[in-house]
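Structure first, then comments.
A, B, ... follow the sequence lines: proteins, then strands. Residue 1 opens every chain.
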Amino acid sequence: MESTGKRQIWTRPSIPYINPEEHSIAFQQIEVDECIDPYSASRSPMIRMFGLTEAGNSVLCYVKGFLPYFYIPAPNGFKSGDIAEFKSSLELALQHEIPSGGRELLNKVEVKLKETIQGYHGKQKCPFLKLSFVDTKTLNIAKRMIEDGSFTYKSREVGGITFESNLKYVLRFMIDCKVTGANWIELPPKSYRFCAEYERSSHCQLEIIARHDQFISHPPEGDWSKIAPLRILSFDIECAGRKGIFPEAAQDPVIQIANMVTIQGEKNPFIRNVFTLNSCAPIVATDVLEYYDEGNMLQAWCDFVVEADPDVIIGYNIANFDLPYLIDRATHLKVTRFPYFGRMKGEQKEDVHHSIITDLHNGNPETRRRLAIYCLKDAYLPQRLMDKLMCLINYLEMARVTGVPFSYLLSRGQQIKVISQLYRKAIEQDFVIPARKNVEGMDEPFEGATVIDPEKGFYNVPITTLDFSSLYPSIMMAHNLCYTTLVDQREIENLNLKNDSDYIVTPYQSARFVKAEVRKGLLPSILEDLLSARKKAKADLKKETDPFKRAVLDGRQLALKISANSVYGFTGASAGQMPCLEISASVTAYGRQMIEQTKREVESRFTMENGYKHDAQVIYGDTDSVMVKFGVDNLVDAMKLGQEAAEYVTGKFLRPIKLEFEKVYFPYLLINKKRYAGLYWTNSEKWDKLDTKGIETVRRDNCLLVQNVIETCLRKVLIDRDVSGAVAYAKKIISDLLQNKIDMSQLVITKALSKSDYSAKQPHVELAERMRKRDPGSAPTLGDRVAYVIIKGTKGAAAYEKSEDPIYVLENNIPIDTSYYLENQLSKPLLRIFEPILGDKAESLLSGDHTRVVQHTTPTIGGLMKFAVIVPTCLGCKVPLTKNADTVVCRHCKPKLGELYQKQLSTVNEFETRFARLWTQCQRCQGSLHQDVLCSSRDCPIWYMRKKAQKDVQDASAVLEKFNYEW
DNA sequence: CTACGGTCCTAA
DNA sequence: TGAGTTAGGACCGTAG
């Protein structure tokens, strides 16, 4: 044993005595997946539930006996006596496709009274055939044979359409057995048995076999909303990078792996250790495990992970950097057992273990990709870890609310969550859901929301904002919009339905829906459940004092809100599983009417004629909000009127539609549709924040210079109310820019490379192509963000000809086209901000002394900047020196050589210090300016600063070398 | 020179 | 196989 550190006991609590005949077992499942029962002759599908008990024992529960199935409408005149004949006929057809040696493929055919959710047809249940199969493969073949008409029964094609045939086995199981994501499962006595040793396949403490119809699935309510004591491993690696080079697994050893294991709900980690290569000074409250061979260290770490047996593994960017690095490194060192760590012994997976959370970040794919969980470092630790645990809890709550398994939240989209809920609602009322056959081109676009024409300008008076809360969900509830309530003219006549009393006509092409009194829609019920649950969660949150319970509740209310909002998107997803334009287009049509009506109501009520001090004016509005200038000059009045207006307008609409007063902007800068900034007040004492929408500060396709300048100017204007200070600042930056005083990291622009085939030439696309020619390996690929700077080029050259890789620019001393940055990046955003405030005077920003620079940049040779030669200049007086001479000073400055050497020496030292500092910072990008960024992606200002610093060190050292020739 | 389409990214 | 929606500003290149 190389390790000199003491090993603690890390294992889980020992297993209590459990007698399956007498005792029940309850556990919280944290993941559900499917597998094939290796001990069944028929290779039956089987469910696996991973989880842990309240005591913290890990559980793997196999659930047997659940068979996949789907429905078809029973053929005309089908009687229960026909079942046997139908069954053997379909069995025969299946046997023909899948020779199974006589083994049964179609397990069961049953007649069930069901109703399609598609359209209102007078609440009539009809006979459907429920077809259960021995496995999913067979199910899919049967589905195809029925859908394409190749299966016939009594010489007639059967159905064509199938119902619920595209629901995945795992989700089908969960829905039927009322299992939701991450809920508690109870196995009553006599309903389960422990696996025999030979049946075990995991490191879990309890491996159990249960049946699908003999367990209790507890809804996550009351006591069952608790969270089991998850063991959470967080780790962080350090590589011994060669000086100035980003670590590569083939070269650079892992020198340290720091780990913490925390039990969910406990304050402090119960394991803190560091695996180090070679010796390491003791660290407070941390076990130091020293190894003298890297392979041994990696192997020991792997064993540690197996032993600590975490339920969840988190770390800063583990999925993108740390884990791949460790695995590559282990491969390089031939640590063969390495990639096998995790819960399942032997079962090798190419991807990482199921319980590894690669992504705990809400937002778009981009922010998701650069997930930062935390760094196991310094003082950041407790808060960062806490944040990520909260994140984990939010996900658990999302899984519970929507009913999907945990992993779906990371790997699947929004639709599956709605589908899960829809199925759960549908099954209660014996509805069946048609499987969408072909994705043919029915994608007629539909009209979206209204954006009120803005009265652009700078408002130095309070602007009150009124918002409809959950607009689209509330519209669907108020008008009972659903698949099950949509009714056509023919059905209206058949069933003798009366307009207004039985059904309503929506503003979208006269789509009609029956009212809730005739039939309550499924979607409105889902939304009601979600929103009332949210109300409850928010109320409980108010009362709760325990921070963990608060976190659970907050995660819950957030999950409920997001879920409610995605229902509309689901009905409008033309390429999705169940698009319904009548619903989605009616929702937006109502929304358009409502925002217009709100504007009218506010402007006609709050008038001087009605006794108010001023006439109110709606100066802007988007989708579900209106910005109102009541004309008052103070926050208190603006808020009071906002409250009054919200209540007044709410009264004009159907329940549960509600207009709310939320905030006042003061001052408010309205630049354009979807572009504004303002100081945000929810009480009249203190502003909450500077709110910025759509403008350059929040856009990723701008360089940092533009983001920072605009941000600073907005703060100076809106918070400090210092317009002249903002102007002076902007002028200073422009002057700095033109004098090349701006660090290149501020000038890097990044844009996503989203297609492989572009019609128009663009800077990032052209650069990616050029980089591919230079070095296909390191060039950006589809989906990457391409970083570039604009360099000097021939006069009139297009931007796409002047884009260049920032690294290349640094390494080759290529001059930046600063005037491009002024004219094409900075000037328009600055003018847009200052024009509403300064009027025509804003133009002076872009002309004047600060824009006149003595140009002493190197002249360029033609357009081929790559070959530009930097003429060496004298260190003392900057006079150009003769080419090819290995000198640093001209003859006049020779006497000052000693002094200049000292100066150069300190420059080198300075650069080295700076480089070292940036290197530390860059290793994990902590504290990067705006977000957690992936260092290895070229989308990180610190990374460029570090690159630049590295080059500075090299250049300065080279100059220092040259002194050798001087004496 | 203007108009317009392609592209990116954001608001809601 | 698996994918929420539309509105809209801003920039750039190119056709006319």
(message) Can you tell me if A/Ser625 touches the phosphate of B/dA12, counting only side-chain N or O atoms and a distance under 4.0 Å to OP1 or OP2?
(response) no
(request) Taking only Lys NZ, Arg NE, NH1 and NH2, and the carboxylate oxygens of Asp or Glu, determine whether A/Glu801 and A/Lys761 approach each other closer than 4.0 Å. (result) no
(message) Any side-chain N or O of A/Lys673 below 4.0 angstrom from OP1/OP2 of C/dG8?
(response) yes
(request) Give the rounded distance in Å between these two atoms: CZ of A/Arg699 and P of C/dC11. (result) 9 Å
(message) B/dT10, OP1 or OP2 - any side-chain N/O from A/Arg675 closer than 4.0 Å?
(response) no
(request) Taking the side chain as every heavy atom from C-beta outward, state whether A/Val628 and A/Lys599 have any atom pair closer than 4.5 Å. (result) no
(message) What is the separation between atom CD1 on A/Ile710 and atom C1' on B/dT10, rounded to the nearest whole Å?
(response) 16 Å
(message) Taking only side-chain N and O atoms of A/Asn565, does any of them lie within less than 4.0 angstrom of OP1 or OP2 on B/dA12?
(response) no
(request) Could you tell me whether A/Lys561 atom NZ has more than 12 heavy atoms of other residues or ligands within 6.0 Å of it? (result) no
(request) Verify the contact: side-chain N or O of A/Ser754 to OP1 or OP2 of B/dT7, cut-off strictly under 4.0 Å; return yes or no. (result) no
(message) Whole angstroms only, please: what is the CG-C1' distance between A/Leu830 and C/dC11?
(response) 16 Å
(request) Could you tell me whether the phosphate oxygens of C/dA3, OP1 or OP2, come under 4.0 Å of any side-chain nitrogen or oxygen in A/Arg412? (result) yes
(request) Give A/Thr588 one of three labels, base, sugar-phosphate or nothing, depending on what nucleic acid heavy atoms sit under 4.0 Å from its own. (result) nothing
(message) Using side-chain heavy atoms (C-beta onward) and a distance below 4.5 Å, is A/Ile733 in contact with A/Asn708?
(response) no
(message) Is A/Tyr676 close enough to C/dG8 that one of its side-chain N or O atoms is under 4.0 Å from OP1 or OP2 there?
(response) no
(message) Counting only heavy atoms from other residues, nucleotides and ligands, does the tally under 6.0 Å from NZ of A/Lys658 exceed 12?
(response) no
(message) In whole Å, I'd like the distance from the CG atom of A/Asn672 to the P atom of B/dA12.
(response) 13 Å
Check residues 470-478 of chain A and write down every donor-acceptor pair under 3.5 Å in which the side-chain atom is one partner and the other belongs to a residue at least two apart or another chain.
residue	atom	partner	partner atom	Å
A/Ser474	OG	A/Ser470	O	3.2
A/Ser474	OG	A/Leu471	O	2.8

(message) Among residues 474-484 of chain A, which ones have heavy-atom contacts with DNA chain C below 4.0 Å?
(response) none
(request) Using five pairs at either end of the helix from B/dC1-C/dG16 to B/dA12-C/dT5, determine the angle between the two local helix axes and round it to 10 degrees. (result) 30°
(message) What is the separation between atom NZ on A/Lys751 and atom P on C/dA10, rounded to the nearest whole Å?
(response) 14 Å
(request) Using side chain to side chain contact (heavy atoms under 4.5 Å, CB included) as the criterion, list what pairs up with A/Ala768, not counting sequence neighbours. (result) A/Leu753, A/Pro780, A/Val786
(message) Test of understanding: with salt bridge (charged side-chain N to carboxylate O under 4.0 Å, His left out), list the residues that count as partners of A/Glu455, not counting sequence neighbours.
(response) none
(message) Taking any heavy-atom pair under 4.0 Å as a contact, classify A/Phe446: base, sugar-phosphate, or nothing.
(response) sugar-phosphate
(message) In this structure, how many angstroms lie between the C1' atom of B/dT7 and the CG atom of A/Leu753, rounded?
(response) 12 Å
Strictly under 3.5 Å: I want the nitrogen or oxygen pairs between protein and nucleotides 13-16 of chain C, one per line.
residue	atom	partner	partner atom	Å
C/dG13	OP1	A/Ala799	N	3.3
C/dG13	OP1	A/Tyr800	N	3.2

(request) Answer yes or no: does a side-chain N or O of A/His764 lie under 4.0 Å from OP1 or OP2 of B/dC8? (result) yes
(request) Grab the CD-P distance between A/Glu696 and B/dC9 for me, whole Å please. (result) 14 Å
(message) Any salt bridge linking A/Asp529 with A/Lys425? Criterion: basic side-chain nitrogen under 4.0 Å from a carboxylate oxygen.
(response) yes
(request) Could you check if a side-chain atom of A/Tyr665 sits within less than 4.5 angstrom of a side-chain atom of A/Tyr680, using non-hydrogen atoms only? (result) yes
(request) Answer yes if the side chains of A/Gln707 and A/Glu711 hold a donor-acceptor pair under 3.5 Å, and no otherwise. (result) no
